[in-house]
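The structure under discussion appears below in the form of structure tokens.
All of these numbers come straight from a predicted model, not from anything done at the bench. Counting starts at 1 for both ligands and their atoms, in listed order.
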Amino acid sequence: MPAIHLGDEAPNFTADTTDGTIDFHEWKGDRWAVLFSHPADFTPVCTTELGRTAGLKAEFDKRGVKVIALSVDPVEDHHGWAPDIAEVTGNALNFPIIADPDKKVSQLYDMIHPGEGDTSTVRSVFVISPDNKVKLTLTYPKSVGRNFDEILRVVDALQLTERMPVATPADWTSGEKLIVSPAMSTDDARSRFGAVEEVKPYLRWIEQPAG
Ligand code: BEZ
């Protein structure tokens, strides 16, 4: 299967989920989406990850992001596991989990990495924009749980850099200083943003504009 690159259209699919059968693009509509895979149901790290994601619903909603998970387990297992997630983490599932026992979606998105032990999915993340373009990919091994604050942080950065000609520095979080896009002249940046601190001709800082 061809690799999925940033800027590619996120491949569409139909799949069985805990919320019924979906057409992915229809389900997503013109919203941002996070599609993420986990290796298997009834496993410890995955239980913490799905509970954490459910607990962040208000944060995803605030950013207009729909969330959907996936594993190669059947939908009956997803339903059977859901009460454990609620019990252990205190967060009931509030997003669909794709059941992909025939590995159709996992293969489409290259979520199975044979060197990682077996034919279950690794911990892949795809952030997809309203126009269905892949904006970010992350791949974690099965043994390492993801940092969901980082996923929210990167959504903030993606949404901001789509709206204005800026880039975000190392370890940036929302509200901190931004870098003027290298494609913009300092004069144009001053006209658009006001004060620009030029540390180097290629490194120009601005305060994060309101809104
Ligand atoms: C887990 O979710 O705990 C897990 C799943 C597969 C391999 C290692 C850990």
Test ring-ring contact (aromatic ring centres under 6.0 Å, His included) applied to F36 - qualifying residues, sequence neighbours left out: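 Scan of F36 (ring-ring contact (aromatic ring centres under 6.0 Å, His included), adjacent residues dropped) gives F148.
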Partners meeting ring-ring contact (aromatic ring centres under 6.0 Å, His included) with F193 (sequence neighbours left out):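 Scan of F193 (ring-ring contact (aromatic ring centres under 6.0 Å, His included), adjacent residues dropped) gives none.
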Sequence-distant partners of D118, salt bridge (charged side-chain N to carboxylate O under 4.0 Å, His left out), two or more places apart: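 Once residues adjacent in sequence are excluded, the partners of D118 under the salt bridge (charged side-chain N to carboxylate O under 4.0 Å, His left out) criterion are K142.
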Modelled atom types, side-chain donor and acceptor of H78 and D73, under 3.5 Å: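 There is no such pair (donor and acceptor under 3.5 Å, judged by atom type) between the side chains of H78 and D73.
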No-hydrogen, no-angle side-chain donor-acceptor test under 3.5 Å, T17 and D19: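 No.
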Close-range residues for ligand 1, whose non-hydrogen atoms fall below the 4.0 Å threshold: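 These residues qualify: P39, T43, P44, V45, C46, R123, K142.
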Ring geometry between W81 and F42 (parallel below 30°, tilted from 30 to 60°, perpendicular above 60°):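 F42 vs W81 ring planes: tilted.
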